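None of these values were measured; they are calculated from a predicted model. A, B, ... follow the sequence lines: proteins, then strands. Residue 1 opens every chain.
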2 protein chains.
Amino acid sequence: MSEDVQPSRAQRPRHAGIIDVATLAGVSPATVSRSLRGHDNVSAATRQRVLEAARELSYSASPQASGLASGRTRTIGVVVPFVTRWFFATAVAGAYDVLHEAGYDVLLYHLGSPDSRDRFFERMPLARRVDAVLTLSLPLNEEHTLALRALDMPLVTLGARLPGVAGVRIDDAAAVRQAVYHLIHQGHEEIAMIAGDEDDRGFGFLSSRARRAGFRQALESAGIAFREDLVVSGEYGIEGGAQAMTALMAGPTLPTAVFAEYDELAIGALRTLRRASIPVPGRISVIGIDDHEMASVVDLTTVAQPVPDQGAAASRLLLDILDGRSVEPVDVVVPTRLVVRGTTGAPFSRAPDG
Amino acid sequence: MSEDVQPSRAQRPRHAGIIDVATLAGVSPATVSRSLRGHDNVSAATRQRVLEAARELSYSASPQASGLASGRTRTIGVVVPFVTRWFFATAVAGAYDVLHEAGYDVLLYHLGSPDSRDRFFERMPLARRVDAVLTLSLPLNEEHTLALRALDMPLVTLGARLPGVAGVRIDDAAAVRQAVYHLIHQGHEEIAMIAGDEDDRGFGFLSSRARRAGFRQALESAGIAFREDLVVSGEYGIEGGAQAMTALMAGPTLPTAVFAEYDELAIGALRTLRRASIPVPGRISVIGIDDHEMASVVDLTTVAQPVPDQGAAASRLLLDILDGRSVEPVDVVVPTRLVVRGTTGAPFSRAPDG
């Protein structure tokens with residue numbers, strides 16, 4: 001091994017990183033990682049060279065070891081719009097467990113409002129504080145994306161696709177189709193949508209846009225004309241769904257079914273219908289997306305998505321990037337499935353005895 | 001001002017802290033804080049001395065300024081058992097907003113299981129990473145408490161009282177009384193309790209113990225004999241409440257009312273009752289504690305506690321301690337209030353037409 005490859009003792013960092021080991025062994029960081037983890041796609045000779053280099057540099061790949069080039073702070077920044085909402089809290093918990101198991105701490109950024117988000121991107125507190133960033137369903141404009149890229153650290157998104165960024169999500173259009181086709185198969189034709197506010201507290205979640213578009217596509221692919229007047233918006237959450245249902249009830253005709261973009265919106269709609277003594281599904285069917293923990297309580301038919309799993313998958317993706325096992329901006333799409341419960345049924349005018 | 005009080009230029013830290021300013025001005029850190037914040041309980045002469053010292057040392061009390069003696073990392077460790085549960089997520093969000101506004105980042109520790117908790121206390125990742133610690137409803141044994149005290153940093157608890165530690169909480173016994181007296185006033189005498197698992201995933205929340213004791217006291221103070229056989233445990237959460245209700249339904253007599261220690265348990269009980277077609281409140285009344293965001297959806301009568309406010313109050317308490325404005329281990333108790341909805345009513349055998 002030539003001296004010009006091996007860093008001199010004086011220059012050697014106090015804690016050697018994976019890149020130092022790779023340089024010394026004359027292999028890629030990914031090979032160092034694979035060798036130390038005992039993957040069998042590394043030759044015995046290469047593994048031996050890596051182990052010697054690691055020993056020479058007192059390099060340890062254990063999570064507790066500080067000073068990994070890939071993990072100087074051993075901290076991941078997790079950026080979430082609303083930690084109080086079930087989806088985000090559940091995804092954070094799923095992500096947290098995987099990161100913690102790998103020896104990382106989690107610095108939580110709860111933006112809460114567009115103002116908070118803008119201040120966050122102005123201050124950019126992530127620099128020098130974290131090794132990588134996980135963003136949850138955060139719609140980022142070009143400026144935000146540039147600010148994150150300028151950090152030059154691994155980035156993974158959950159719940160929204162950003163061009164060129166690795167992420168984990170569901171196929172929103174497919175999930176909407178599952179919900180809408182279920183209603184259509186039951187005989188519904190007058191189907192309303194309770195959509196998330198397009199400008200929900202100024203966040204305008206990307207998934208909202210995808211689900212609105214998916215709703216129109218699903219109807220039209222089944223030969224049902226899309227009616228703009230049957231789409232109402234509700235601020236994300238139970239109150240938003242309740243108010244949107246009230247708006248629908250104030251219209252000239254009540255549809256026979258309502259598709260809500262999220263379970264919280266559907267649950268709010270159910271509260272309004274119960275208070276108005278409108279039978280569900282006798283007069284109107286209601287379906288959501290999520291399989292929120294409360295969906296079974298209110299017997300809500302919904303399209304389930306695996307939320308803790310998405311959090312865990314996003315964390316594993318981030319760890320893969322940190323450890324040099326993944327370099328492509330992969331787009332992990334997890335499947336959704338229809339869960340039929342008691343809030344959907346045949347439309348009242350078409351019921352056998354109707 | 002004598003030279004031996006003023007630190008020499010060579011010794012002066014790059015970022016002066018509040019203690020440096022206090023030393024230079026010959027006052028306490030609390031007086032520095034009060035002076036710089038413009039409180040009017042500081043004499044003009046003292047304030048002038050403090051301002052001069054702060055200018056001399058280029059000290060800034062602004063949250064963005066680094067190197068405050070009271071905030072070297074500008075990070076608060078928030079330790080929470082289950083971030084997925086409504087109470088904790090809501091409290092964390094309330095705490096977060098106040099801390100973030102004051103310029104602090106939040107390092108989240110989601111323990112999730114007693115194993116996680118034990119590993120957390122073994123590794124004690126908080127040292128050198130945070131300036132202060134906020135623990136949420138975390139039952140700590142003597143060893144844990146000692147480990148936290150050994151950090152020698154400000155500590156505040158939320159939802160549980162720890163001797164000698166500042167905290168914010170509700171009066172559990174009083175909240176239970178509000179719930180139980182409401183049932184008694186409606187005429188109930190056979191009142192069951194769905195209690196949190198005393199060893200819930202090994203956590204054994206302190207509030208569980210207080211609420212069990214409070215239930216017995218409330219009954220006995222109203223002259224109703226406490227019956228051990230009417231107390232069933234449910235693992236915290238909807239499933240736990242559902243299973244506990246099933247256990248009650250399998251007993252020799254169904255009580256006329258159920259008090260659940262938390263709304264999630266009550267909501268789970270309601271699901272079981274709905275599936276069993278047992279009318280609520282016609283056959284059995286149900287009441288909880290929390291005013292969970294879903295309580296209004298299932299029309300649950302409950303005792304409301306202000307959760308975001310407790311998070312915010314705990315953060316303010318922590319900032320007061322960090323800034324030297326508070327030194328006593330204050331015990332902040334926030335009020336609760338009965339919210340009557342549709343799940344409680346007169347017992348069926350005593351109803352006017354019964």
Side-chain angles (χ1 to χ4, degrees), chain A residues 63-64 73-75 77-78 80 82-86 88-97 99-101 103-113 116 119-120 123 125-126 129-130 237-239 241-242 264 267-272 274-275 292-294 296-299 307-308 311 342, chain B residues 64 73-75 77-78 80 82-86 88-97 99-101 103-113 116 119-120 123 125-126 129-130 237-239 241-242 264 267-272 274-275 292-294 296-300 307-308 311 342:
Chain A
Q64 279 70 35
T73 68
R74 301 306 298 177
T75 305
V78 173
V80 55
F82 304 107
V83 77
T84 49
R85 289 177 180 175
W86 172 83
F88 297 116
T90 307
V92 165
Y96 182 95
D97 290 346
L99 295 174
H100 203 63
E101 193 61 37
Y104 284 89
D105 278 339
V106 167
L107 208 45
L108 180 74
Y109 293 96
H110 167 245
L111 304 189
S113 73
S116 255
R119 262 187 285 128
F120 172 82
R123 276 184 61 206
L126 296 166
R129 303 222 60 180
V130 303
I238 294 166
E239 295 304 324
E264 279 103 331
I267 289 169
L270 287 174
R271 191 183 76 186
T272 296
R274 174 175 56 73
R275 289 185 179 167
H292 187 287
E293 61 171 351
M294 291 293 163
S296 77
V297 172
V298 294
D299 210 21
V307 183
Chain B
Q64 279 68 34
T73 69
R74 302 304 299 178
T75 305
V78 173
V80 54
F82 304 107
V83 77
T84 50
R85 289 176 179 175
W86 172 83
F88 297 116
T90 307
V92 165
Y96 182 94
D97 290 345
L99 295 174
H100 204 62
E101 193 60 38
Y104 284 89
D105 277 340
V106 167
L107 208 45
L108 180 74
Y109 293 96
H110 167 244
L111 304 188
S113 73
S116 253
R119 263 187 285 129
F120 172 83
R123 275 183 61 205
L126 296 167
R129 305 222 58 182
V130 302
I238 293 167
E239 296 304 325
E264 279 103 331
I267 289 168
L270 287 174
R271 190 183 75 186
T272 295
R274 174 174 56 73
R275 289 184 180 169
H292 187 287
E293 60 170 352
M294 291 292 162
S296 77
V297 172
V298 295
D299 210 21
L300 177 67
V307 183

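- Of the listed residues (B:Arg275, B:Arg274, B:Glu239), the one with the most heavy-atom contacts under 4.5 Å to chain A is B:Arg274.
- The part of A:Ile238 that comes within reach of chain B is its side chain, from C-beta onward, which places non-hydrogen atoms under 4.5 angstrom from that chain.
- A donor-acceptor contact shorter than 3.5 Å is absent between the side chain of B:Arg271 and the backbone of A:Met294.
- Of the atoms belonging to A:Ser296, heavy atoms from both backbone and side chain fall under 4.5 Å from chain B.
- Looking at heavy atoms from C-beta onward, B:Leu270 lies out of side-chain contact with A:Val297 at the 4.5 angstrom threshold.
- With contacts defined as side-chain heavy-atom distances shorter than 4.5 Å, the pair A:Leu108/B:Val92 qualifies.
- For A:Tyr109, the parts lying under 4.5 angstrom from a heavy atom of chain B are both the backbone and the side chain.
- Heavy-atom pairs under 4.5 Å with chain B peak, among A:His100, A:Arg129, A:Arg119, at A:Arg129.
- For the pair A:Tyr96 and A:Val78, the minimum side-chain heavy-atom distance is 4.5 Å or more.
- Classification of the A:His110-A:Phe82 ring pair by plane angle, with boundaries at 30° and 60°, yields perpendicular.
- Using a 4.5 Å cut-off between heavy atoms, A:Asp299 contacts chain B through both its backbone and its side chain.
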